[in-house]
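Lettering follows sequence order; numbering is per chain, from 1.
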Amino acid sequence: GDSVTQMEGPVTLSEEAFLTINCTYTATGYPSLFWYVQYPGEGLQLLLKATKADDKGSNKGFEATYRKETTSFHLEKGSVQVSDSAVYFCALRDPGTYKYIFGTGTRLKVLA
Amino acid sequence: ETGVTQSPTHLIKTRGQQVTLRCSSQSGHNTVSWYQQALGQGPQFIFQYYREEENGRGNFPPRFSGLQFPNYSSELNVNALELDDSALYLCASSGGQGHEQYFGPGTRLTVT
């Protein structure tokens with residue numbers, strides 16, 4: 001069945017460092033791909049999305065490109081801030097059932 | 001515009017008891033999905049309701065059941081609670097089956 005695999009955390013970076021969080025997926029068909037962020041004690045917030053191959057999603061300095069050939073959707077940010085500390089989830093939406101499948105999450109800690 | 005709300009925020013139940021969690025969808029949204037998020041894990045899809053009908057279900061036993069009301073709010077019911085049911089339960093609403101989901105803050109259920 002469909003699945004999402006994320007790099008294990010925690011990821012600890014200094015402020016202004018470059019961030020990459022890897023995400024790969026397995027799916028039949030052509031899913032939509034998402035990154036969600038979860039701050040402590042809160043629900044999930046949509047960070048960015050891409051609905052077809054080669055689409056780039058971007059928001060708040062974060063970017064991710066839908067790579068069909070490598071089945072990947074890696075999250076990047078050029079300069080992280082302390083306020084970016086959170087758990088990041090990669091997810092896919094099955095185009096047939098509209099069911100969302102999430103990765104296990106990657107905790108990011110940014111130090112001042 | 002009011003976002004997705006869930007009640008209660010926290011709940012403690014004893015093994016074998018039953019629990020009902022509630023979700024009010026975002027204005028204009030007719031689709032509600034429920035997820036279980038165990039500590040340190042990604043959300044797992046329980047089921048989805050579209051216009052008051054269940055139209056998708058994950059790998060959860062029948063003691064997990066739900067309802068959607070004419071105003072598109074929803075309930076998640078869990079019977080015969082087990083210790084492993086302890087988790088954050090997230091509700092997400094969307095404007096249609098293929099539309100973006102917006103998550104509520106969740107209900108933290110502890111089963112003792």
Side-chain angles (χ1 to χ4, degrees), chain A residues 1-11 21 23-27 29-52 55 57 59 73 75 86-109, chain B residues 2-10 21-26 29-51 53-60 76 87-109:
Chain A
D2 295 355
S3 65
V4 174
T5 302
Q6 289 181 238
M7 63 187 287
E8 295 235 355
V11 174
I21 300 178
C23 171
T24 57
Y25 67 90
T26 302
Y30 302 98
S32 295
L33 301 174
F34 302 83
W35 278 100
Y36 282 85
V37 59
Q38 187 173 35
Y39 298 99
E42 298 184 11
L44 276 68
Q45 298 176 25
L46 178 64
L47 183 59
L48 52 83
K49 69 174 183 179
T51 58
K52 61 183 187 296
D55 266 3
N59 185 26
F73 193 54
L75 182 68
V87 181
Y88 292 82
F89 291 94
C90 184
L92 68 81
R93 183 177 67 206
D94 182 283
T97 65
Y98 303 116
K99 188 168 83 171
Y100 280 67
I101 294 171
F102 286 83
T104 54
T106 302
R107 180 174 299 279
L108 170 65
K109 186 173 181 179
Chain B
T2 306
V4 180
T5 59
Q6 294 186 242
S7 63
T9 306
H10 295 90
L21 310 181
R22 294 179 175 81
C23 170
S24 290
S25 58
Q26 189 164 314
H29 286 186
N30 57 18
T31 304
V32 172
S33 299
W34 285 93
Y35 294 84
Q36 180 194 68
Q37 186 180 13
L39 200 61
Q41 299 296 313
Q44 298 289 316
F45 175 74
I46 303 174
F47 43 56
Q48 180 181 84
Y49 279 83
Y50 172 63
R51 294 185 174 180
E53 297 283 333
E54 183 183 300
N55 77 333
R57 190 177 183 93
N59 295 326
F60 282 81
L76 165 65
L88 180 68
Y89 288 84
L90 295 165
C91 165
S93 74
S94 63
Q97 291 174 282
H99 294 205
E100 290 174 22
Q101 292 191 341
Y102 294 85
F103 283 81
T107 294
R108 173 75 60 188
L109 172 66

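Within the model, atoms CZ of A/F34 and CD of B/Q101 stand 8.0 Å from one another, a figure rounded to the nearest 0.5 Å. Between atom CG of residue A/D94 and atom CZ of residue B/F45 there is a gap of 10.0 Å, rounded to the nearest 0.5 Å. In this structure, NZ on A/K99 lies 13.5 Å from CZ on B/F47, to the nearest 0.5 angstrom.
Listed here is the closest heavy atom pair of B/E100 and A/Y100: CA-OH, 3.9 Å. Between B/Q41 and A/F89, the closest heavy-atom pair is O-CE2, 3.8 Å. Of all the heavy atoms in A/G43 and B/L90, the pair that sits closest is CA-CD2, 4.1 Å.
Atom OH of A/Y39 has more than 12 neighbouring heavy atoms from other residues, nucleotides or ligands inside a 6.0 Å radius. Surrounding CD of A/E42 are more than 12 heavy atoms belonging to other residues, nucleotides or ligands, all under 6.0 Å away. Under a cut-off of 6.0 angstrom, the local environment of CZ in B/R57 is crowded, with over 12 non-hydrogen atoms contributed by other residues, nucleotides or ligands.
With sequence neighbours excluded, the residues satisfying side-chain contact (heavy atoms from CB on, under 4.5 Å) with A/K52 are A/D55.
Residue B/Y102: no heavy atom, backbone or side chain, is found under 4.5 Å from chain A. Heavy atoms closer than 4.5 Å to chain B are found in the side chain of A/Q38, but not in its backbone. Proximity to chain B is limited to the side chain of A/L46, based on heavy atoms less than 4.5 angstrom apart.
Side-chain contact between A/Y36 and B/F103 is present, with at least one heavy-atom pair separated by less than 4.5 Å.
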